[in-house]
2 protein chains.
Amino acid sequence: MISDRTVERLSLYRWLLEMRVDPGTVYLFSHQLASMASVSPAQLRRDLMAIGYSGSPSKGYLVKDLAGSIGAVLDGSEPSRVALVGMGNLGRAIVSFVRGRKSQLQIVATFDKDCRKTGRVISGCRCYNQDKIEEVVEKEKIITAVITVPCAEAQKVADRLVNAGVRGILNYAPVPLRVPEWVYLENRDVTAALEKVAYFARQEEERK
Amino acid sequence: MISDRTVERLSLYRWLLEMRVDPGTVYLFSHQLASMASVSPAQLRRDLMAIGYSGSPSKGYLVKDLAGSIGAVLDGSEPSRVALVGMGNLGRAIVSFVRGRKSQLQIVATFDKDCRKTGRVISGCRCYNQDKIEEVVEKEKIITAVITVPCAEAQKVADRLVNAGVRGILNYAPVPLRVPEWVYLENRDVTAALEKVAYFARQEEERK
DNA sequence: AGAGTACTGTGAAAAAAATAACAATACAAC
DNA sequence: GTTGTATTGTTATTTTTTTCACAGTACTCT
Ligand SMILES: NC(=O)c1ccc[n+]([C@@H]2O[C@H](COP(=O)([O-])OP(=O)(O)OC[C@H]3O[C@@H](n4cnc5c(N)ncnc54)[C@H](O)[C@@H]3O)[C@@H](O)[C@H]2O)c1
Ligand SMILES: NC(=O)c1ccc[n+]([C@@H]2O[C@H](COP(=O)([O-])OP(=O)(O)OC[C@H]3O[C@@H](n4cnc5c(N)ncnc54)[C@H](O)[C@@H]3O)[C@@H](O)[C@H]2O)c1
């Protein structure tokens with residue numbers, strides 16, 4: 001089993017390989033890619049070890065090949081099908097962002113409870129009424145979801161998603177959700193992140 | 001020096017204490033707060049040790065007092081003044097969210113390069129033209145910033161912010177920024193987060 | 001072809017983080 | 001008062017993550 005941290009870095013490596021490496025560059029050394037990703041060369045090599053990828057001691061890593069190998073691990077056999085619940089400001093921003101990005105991820109369904117949003121296609125994606133969550137998630141075999149509803153609704157939505165078969169949730173509501181241990185949960189609380197950054201900024205300022 | 005992880009959890013504890021604890025509750029045991037935060041009681045106690053807070057062995061922690069003590073560490077003496085650059089979909093969502101939230105954080109200035117946005121007050125916050133970054137950041141003594149501009153602009157914006165005196169950056173552009181080691185940087189790449197969640201969701205699905 | 005070079009892959013070591021364990025303590029019940 | 005109980009603060013242990021270090025290797029240069 002590959003660790004949390006490693007998976008996140010692998011995703012970054014792939015993006016760098018696909019988007020930030022000059023197309024003419026065929027090979028890359030660990031220290032070059034590591035430097036782009038702001039990690040140590042040893043860290044990079046160990047991460048690649050986790051996916052069983054080997055480069056050449058004299059040439060380094062074959063750019064396209066490595067990107068492909070990371071993809072094989074991260075994406076599995078077919079593209080991941082994702083649902084997003086809560087088409088407010090944040091939800092719409094995420095949907096349009098993910099769609100515009102070269103990626104194996106597909107947001108195949110979105111949900112809202114506001115009738116002005118449902119039934120329409122927003123940011124290129126069908127928006128269903130939230131009472132269709134179970135039906136659509138099951139039919140579309142969705143196992144990954146993003147939650148961008150207000151705080152008060154988040155737990156209810158999470159419960160329904162889990163019940164419908166979702167196994168991974170990316171939660172943007174600033175409330176720590178409760179899910180069964182067999183559901184992978186990632187919380188992205190802006191407040192906590194900002195407070196953390198503000199705290200360390202102050203530390204740096206004082207240390208001057 | 002308090003660790004990264006601990007600071008983030010402290011922020012969560014405070015929020016729970018202020019928003020999720022019944023106002024009538026005066027004392028709380030470590031296992032109760034730990035359970036709300038989905039961490040182990042030992043973890044919670046260790047985190048509180050980091051800020052030198054002590055409870056009573058028989059009564060637990062004094063809710064208001066603990067929240068205040070965490071605040072004293074996280075917020076310092078006065079509220080943190082924050083700038084946000086890039087008033088697009090995401091930027092506006094974050095500004096309105098942070099303003100609506102009880103918090104010591106103040107977004108005191110926003111910037112954009114689009115003239116339709118600058119000069120106006122958006123989501124309750126003055127939006128300046130981006131060429132005013134240095135001037136405003138210095139004058140307002142801002143040391144914390146959020147970046148929500150497109151990928152291609154992020155590094156340029158970061159450089160200017162750092163130059164103007166910023167010491168902590170929360171970056172939402174999906175590109176790993178380069179900053180001096182004395183600037184605290186937190187990257188919040190949606191793609192990496194989603195790919196990670198999708199990966200572990202698949203693992204759980206297969207493990208069934 | 002042989003020496004030299006600069007890299008990789010990985011075991012070993014170190015550092016960091018989380019968990020467990022437990023003595024010390026404050027209260028409750030009797 | 002004494003006994004019992006449940007919790008804290010903190011030390012010790014375990015686990016996880018990162019870094020170090022170096023043998024092994026494929027290439028270059030002479
Ligand atoms: N804007 C940010 O960057 C940001 C940051 C952190 C957290 N958040 C959180 O993300 C969430 C959304 O933020 P926003 O700014 O987009 O708010 P928003 O009010 O614009 O959007 C919320 C959307 O969810 C829909 N909704 C409400 N209940 C629902 C339900 N039960 N099922 C389906 N849809 C439902 C609403 O109709 C609305 O469209 C909030 O919890 C907010 O705290 C936002
Ligand atoms: N929407 C999301 O949740 C999400 C997720 C991940 C990443 N992002 C990233 O966040 C960024 C913003 O996303 P968005 O959806 O809000 O895009 P957007 O295009 O709506 O907003 C970008 C804003 O930045 C402004 N801008 C551009 N260059 C600037 C400069 N040099 N100085 C100041 N302002 C400038 C633009 O005028 C625009 O208002 C992008 O990098 C995107 O990839 C967004």
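The chains referred to below are lettered A, B, ... by the order of the sequence lines, with proteins before strands, and numbering in each begins at 1.
B:Phe29 places its CZ atom 16 Å from the P atom of D:dT5, with the value rounded to the nearest Å. The distance from atom NE2 of B:His31 to atom C1' of C:dT19 is 17 Å, rounded to the nearest whole Å. Atom CD of A:Glu8 and atom P of D:dT16 are 19 Å apart (whole Å). Atoms CG (A:Leu44) and P (D:dT19) sit 12 Å apart, rounded to a whole Å. Between the P atom of C:dT8 and the CG atom of A:Asp65 lies a distance of 15 Å, rounded to the nearest Å. Put simply, CG on A:Leu28 is 18 Å from P on C:dA6, counting in whole angstrom units. Between the C1' atom of C:dT19 and the CG atom of B:Asp47 lies a distance of 13 Å, rounded to the nearest Å. Atom CG of A:Leu66 is separated from atom P of C:dT8 by 11 Å (rounded to the nearest Å).
For B:Arg9, the side-chain atoms get nearest to C:dA18 when compared with the rest of C:dT8, C:dA18, D:dT7.
The backbone N or O of B:Glu140 sits less than 3.5 Å from a side-chain atom of B:Arg81, completing a donor-acceptor pair. In terms of modelled atom types and a separation under 3.5 Å, the side chain of A:Asp189 and the main chain of A:Thr191 share a donor-acceptor contact. Between the side chain of B:Gln32 and the main chain of B:Phe29, a donor-acceptor pair closer than 3.5 Å is present.
Distances shorter than 4.0 Å separate some side-chain N or O of B:Tyr61 from OP1 or OP2 on D:dG9. A close approach under 4.0 Å does occur between a side-chain nitrogen or oxygen of A:Gln43 and OP1 or OP2 of D:dT19.
The one candidate from A:Ile107, A:Ile143, A:Val108, A:Leu105 that meets the side-chain contact (heavy atoms from CB on, under 4.5 Å) condition with A:Ser80 is A:Leu105. Across B:Ile142, B:Thr110, B:Val146, B:Val166, a single residue satisfies side-chain contact (heavy atoms from CB on, under 4.5 Å) together with B:Val82, and that is B:Val146. No option in A:Asp47, A:Asp65, A:Asp75 other than A:Asp75 meets the salt bridge (Lys or Arg N to Asp or Glu O under 4.0 Å) test with A:Arg14.
The line from CE of B:Met36 to CG of B:Leu28 is 5.0 Å long, rounded to the nearest 0.5 Å.
Between B:Tyr184 and A:Phe200, the ring planes are parallel. Angles under 30° get that label, and only those over 60° would be called perpendicular.
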Trace of the side chain to side chain contact (heavy atoms under 4.5 Å, CB included) decision for B:Asn163 with B:Ile133: CA-CA 10 Å; B:Asn163 223 267; B:Ile133 289 180; over 6 Å; no

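Among the heavy atoms of the strands lying under 4.0 Å from B:Tyr53 are primed sugar atoms or P, OP1, OP2 only; no base atom is included. Looking at heavy-atom distances under 4.0 Å, A:Ser30 makes contact with sugar-phosphate atoms alone, never a base.
Taking the charged nitrogens against the carboxylate oxygens, B:Arg202 and B:Glu205 have no contact shorter than 4.0 Å, which rules out a salt bridge.
Pairs of Watson-Crick or G-U wobble type, with distances under 3.5 Å, assemble into runs of 3 or more in DNA chain C at these ranges: C:1-30 with D:1-30.
At least one test fails for B:Arg9 against the ring of B:Tyr13: distance under 6.0 Å to the centre or angle within 45° of the axis.
B:Tyr61 is listed as a side-chain neighbour of B:Arg45, based on a closest heavy-atom distance under 4.5 Å.
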So which protein N/O to nucleotides 10-15 of chain D N/O distances come out below 3.5 Å?
unit_1: D:dT11; atom_1: O4; unit_2: B:Arg46; atom_2: NH2; d: 2.8
unit_1: D:dA12; atom_1: N6; unit_2: B:Arg46; atom_2: NH2; d: 3.1

Footprint string (nucleotides 23-30 of chain D, 5' to 3'): B base within contact, S backbone only, - free, heavy atoms under 4.0 Å: -BBSS---

